[in-house]
Amino acid sequence: MDSLTTCMETIPYSRQWIDEEDVEAVCRVLRSDWVTQGPTLASFENALAKRAGVKRAVAVSHGTAALHLSYAALGVEKGSVGITTPITFAATANAFRYCGAEVRFCDVDPLTGNMDPASLSQVIEETSLDRDKTNLVVPVSYAGRLAPLDKIEEVATKAGCQVVEDAAHSLGSYGQGGMSASASCENSVSAVLSFHPVKHLCTAEGGAVVTNDDALAERMSCLRSHGISRSSIEGENSTNMPGWHYEQKELGWNYRMTDLQAALGLGQLDKLDFFLERRRALASRYGEALAQAPFSEFLDLPPSEEGHAHHLYVVLFKDPALRDSCYEFLKKRGIHCQVHYIPVYRHPYYEGILGRQRLPGAESFFSRCLSIPLFPKMTDEEQERVLEELAAFHGAA
Ligand SMILES: Cc1ncc(COP(=O)(O)O)c(C=O)c1O
């Protein structure tokens with residue numbers, strides 16, 4: 001470890017907040033008869049659906065599983081096309097590849113990192129979509145800012161595509177001017193959540209799909225458990241079947257969430273408003289400070305927005321050349337930032353499939369962005385330290 005960082009606490013860009021009540025809730029499940037897929041999982045799913053304002057939630061082992069399940073259950077297969085944003089974690093695109101589908105990337109707003117509906121329209125025009133297949137558009141409400149879901153839905157619907165919102169960053173965010181809340185499924189058939197420790201809720205690993213479509217929820221529940229479902233047996237000659245009988249109707253996976261994770265999720269969900277309030281307070285302090293000198297001399301800020309859920313606090317360097325030196329400067333002083341994201345089309349795997357692609361909005365955003373620390377447990381003192389070190393970077397640059 002560097003000598004500068006040995007005497008200081010490291011500040012990560014994000015981390016979970018698990019308290020003693022959460023620990024006790026998990027221990028209660030450990031002492032009970034059910035540790036997998038029992039009553040706590042059902043309670044978590046009901047609470048999550050209620051919180052998102054939708055009919056159903058299907059909780060799974062991680063957000064990537066939630067993406068895969070939602071695409072597969074909608075019928076994505078070989079010959080389908082999935083259009084998404086390159087400013088996301090690779091999982092949003094990878095889940096299409098698990099289904100054998102093609103992936104296309106459309107551009108983003110260079111200031112917010114969110115999908116640009118005009119670029120979506122253009123990509124759809126340039127892509128030959130087989131209308132007999134399920135084709136999806138998957139916007140990400142990046143960093144916690146609601147993507148322009150109403151416009152995206154309009155463009156997608158005209159082309160016969162369905163919309164799945166990747167809401168891994170945005171539980172609790174809402175839009176301006178009457179736009180719907182993230183994960184409310186008002187402009188999408190389903191929405192995907194992640195409960196990775198850096199996200200709004202932590203279940204260690206974990207994720208969920210929320211939807212208003214009962215049939216879709218049933219299919220996802222069946223597919224998360226190998227394609228075996230009790231309800232698929234009920235009704236069809238069920239009275240003639242012995243109690244031990246079960247049937248696999250189609251090929252699924254083991255994407256089940258445990259009751260241990262669900263117990264943690266329930267406790268975390270109870271604290272979601274508190275977490276959001278703290279994230280918004282920290283973001284507001286950053287916003288005030290960074291809009292002034294010396295920060296305003298070298299940083300731009302994405303536009304502020306009331307309903308932003310602030311999963312990440314992203315700053316944009318006026319001069320992209322300074323981004324990496326600032327990252328290294330802060331790291332030496334125990335402040336660990338991150339770049340969200342390398343555009344997914346730049347990864348060798350996708351270049352191997354799609355060839356070299358460079359979208360101007362995504363490239364501009366990528367070259368300038370840095371996520372600086374923001375998480376509910378961050379103290380005011382830690383935030384001041386980040387600001388002081390950013391100012392010191394400017395002084396030294
Ligand atoms: C936008 C986005 N989608 C999907 C995922 C995948 O979630 P998980 O890590 O829970 O599999 C992530 C996780 O980082 C993400 O940021």
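- At distances below 3.5 Å, at least one donor-acceptor pair connects side-chain atoms of Arg219 with backbone N or O atoms of Ala73.
- Counting non-hydrogen atoms of other residues, nucleotides and ligands closer than 6.0 Å to CD of Glu305 gives a total above 12.
- Looking at Ser296, its side chain does come within 3.5 Å of a backbone N or O of Ala293 through a donor-acceptor pair.
- Put simply, the side chain of Gln248 gets close to the backbone of Glu250: a donor and an acceptor are under 3.5 Å apart.
- Residues satisfying the side-chain hydrogen bond (donor to acceptor under 3.5 Å, both in side chains) test with Thr64, not counting sequence neighbours, are none.
- The salt bridge (charged side-chain N to carboxylate O under 4.0 Å, His left out) pairs that include a residue from residues 81-92 number zero, where partners must be two or more places apart or lie in different chains.
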- Query: How far apart are the C-alpha atoms of Leu136 and Cys161, what are their side-chain angles, what is the distance that settles it, and do they pass the side-chain contact (heavy atoms from CB on, under 4.5 Å) test?
  - Reply: CA-CA 5 Å; Leu136 298 185; Cys161 299; over 6 Å; no

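- Considering His311, Arg15, Gln16 in turn, His311 is the only one that fulfils the side chain to side chain contact (heavy atoms under 4.5 Å, CB included) rule with Val198.
- Atom-to-atom distance recorded for Ile11:CD1 and Thr379:OG1 is 7.0 Å, nearest 0.5 angstrom.
- Here Phe365 and Tyr142 bring their ring centres to under 6.0 angstrom of each other.
- Applying the ring-ring contact (aromatic ring centres under 6.0 Å, His included) criterion to Tyr350, with sequence neighbours excluded, gives Phe105.
- Screening residues 96-115 for side chain to side chain donor-acceptor pair (under 3.5 Å) gives Arg97-Tyr349 as the qualifying pairs, with residues at least two apart or on separate chains.
- By the neighbour-count criterion of 12 heavy atoms within 6.0 Å, atom NZ of Lys318 is densely surrounded, having more than that number from other residues, nucleotides or ligands.
- Checking Gln261 against Thr258 by side-chain atom types alone, a donor-acceptor pair falls below 3.5 Å.
- Proximity of a side-chain donor or acceptor of Thr211 to a complementary backbone N or O of Val189 within less than 3.5 Å is detected.
- With no hydrogens or angles considered, no side-chain donor-acceptor pair links Thr134 and Gln162 at under 3.5 Å.
- No more than 12 heavy atoms of other residues, nucleotides or ligands sit less than 6.0 Å from atom CD of Glu20.
- The OG1 atom of Thr85 sits 9.5 Å away from atom CG of Asp166, with the distance rounded to the nearest 0.5 Å.
- In this structure, SG on Cys185 lies 5.5 Å from CG on Asn212, to the nearest 0.5 angstrom.
- Scored by the ring-ring contact (aromatic ring centres under 6.0 Å, His included) test, His196 finds no partners at all (sequence neighbours excluded).
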- Message: Checking Asp300 against Val315 for the side-chain contact (heavy atoms from CB on, under 4.5 Å) test, could you report, in this order, the C-alpha distance in whole Å, the side-chain angles of both residues, the deciding distance, and whether it holds?
- Response: CA-CA 6 Å; Asp300 289 325; Val315 295; over 6 Å; no

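- Tyr255 places no side-chain N or O within donor-acceptor distance of the main-chain N or O of Ser221, the cut-off being under 3.5 Å.
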- Task: Show your working on salt bridge (charged side-chain N to carboxylate O under 4.0 Å, His left out) between Glu328 and Arg323 and close with a plain yes or no.
- Result: CA-CA 9 Å; Glu328 292 299 338; Arg323 194 266 310 274; over 6 Å; no

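- Once rounded to the nearest 0.5 Å, the distance linking CG of Leu282 with CD of Glu382 reads 9.5 Å.
- Both Val339 and Ile335 sit in one connected hydrophobic cluster of ILVMFWY residues. Membership requires side-chain heavy atoms under 4.5 Å apart, directly or through other members.
- Cation-pi check for Arg333 over Phe329 is met; the charged atom lies under 6.0 angstrom from the ring centroid and within 45 degrees of its normal.
- Annotation: side-chain hydrogen bond (donor to acceptor under 3.5 Å, both in side chains) contacts of Glu153 (sequence neighbours excluded): Asn187.
- Qualifying ring-ring contact (aromatic ring centres under 6.0 Å, His included) partners for Phe366, counting only residues two or more places apart in sequence or in other chains: none.
- The CZ atom of Phe295 sits 10.5 Å away from atom CG of Leu301, with the distance rounded to the nearest 0.5 Å.
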- Message: Between His226 and Arg256, is the side-chain contact (heavy atoms from CB on, under 4.5 Å) condition met? List the steps.
- Response: CA-CA 10 Å; His226 304 278; Arg256 296 188 294 255; 3.7 Å; yes

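- Under the 6.0 Å cut-off for aromatic ring centres, Phe44 and Phe195 qualify, their centroids lying closer than that.
- A donor-acceptor pair under 3.5 Å is formed between the side chain of Ser367 and the backbone N or O of Ser364.
- Summarising the local packing, CD of Glu384 is surrounded by more than 12 heavy atoms from other residues, nucleotides or ligands at distances under 6.0 Å.
- A donor-acceptor contact shorter than 3.5 Å links the side chain of Thr84 to the backbone of Val138.
- No salt bridge links Arg356 with Glu363; every basic N to acidic carboxylate O contact stays at or beyond 4.0 Å.
- Under 4.0 Å is where a charged nitrogen must lie from a carboxylate oxygen, and between Glu45 and Arg224 at least one such pair does.
- Shown here is Leu354, whose CG atom has more than 12 heavy atoms of other residues, nucleotides or ligands within 6.0 Å.
- Contacts classified as salt bridge (charged side-chain N to carboxylate O under 4.0 Å, His left out) and involving residues 207-217 (residues at least two apart or in different chains) are given here: Lys55-Asp214, Arg56-Asp214.
- With salt bridges taken as basic N to acidic carboxylate O contacts below 4.0 Å, none links Lys332 and Glu389.
- No donor-acceptor distance shorter than 3.5 angstrom exists from the side chain of Ser184 to the backbone of Ser180, with no hydrogens or angles considered.
- A donor-acceptor distance shorter than 3.5 angstrom exists from the side chain of Asp259 to the backbone of Thr40, with no hydrogens or angles considered.
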- Message: Could you walk me through whether Glu351 and Arg358 satisfy the salt bridge (charged side-chain N to carboxylate O under 4.0 Å, His left out) test, starting with their C-alpha distance in whole Å, then the side-chain angles of each, then the deciding distance to 0.1 Å, before giving a yes or no?
- Response: CA-CA 11 Å; Glu351 285 211 342; Arg358 296 290 182 264; 3.3 Å; yes

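- Qualifying side-chain hydrogen bond (donor to acceptor under 3.5 Å, both in side chains) partners for Gln122, counting only residues two or more places apart in sequence or in other chains: Glu126.
- Between His245 and Glu247, the side chains place a donor N or O and an acceptor N or O closer than 3.5 Å (distance only, hydrogens not considered).
- For Tyr345 (side chain) and Leu359 (main-chain N/O), a donor-acceptor pair under 3.5 Å exists by modelled atom type.
- Side chain to side chain, Ser170 and Ser182 meet the donor-acceptor criterion of an N or O pair below 3.5 Å.
- Residues satisfying the side-chain hydrogen bond (donor to acceptor under 3.5 Å, both in side chains) test with His169, not counting sequence neighbours, are Tyr341.
- For the ring-ring contact (aromatic ring centres under 6.0 Å, His included) test, residues two or more places apart in sequence or in another chain that qualify with Tyr13 are His340.
- Residue pairs meeting the side chain to side chain donor-acceptor pair (under 3.5 Å) criterion with at least one member in residues 265-281, sequence neighbours excluded, are Asp19-Lys271, Asp22-Gln268, Asp22-Lys271, Arg51-Asp273, Arg278-Asp380.
- Interatomic distance, Thr127 OG1 to Asn135 CG, rounded to the nearest 0.5 Å: 9.5 Å.
- Between Trp253 and His68, the ring center distance clears the sub-6.0 Å criterion.
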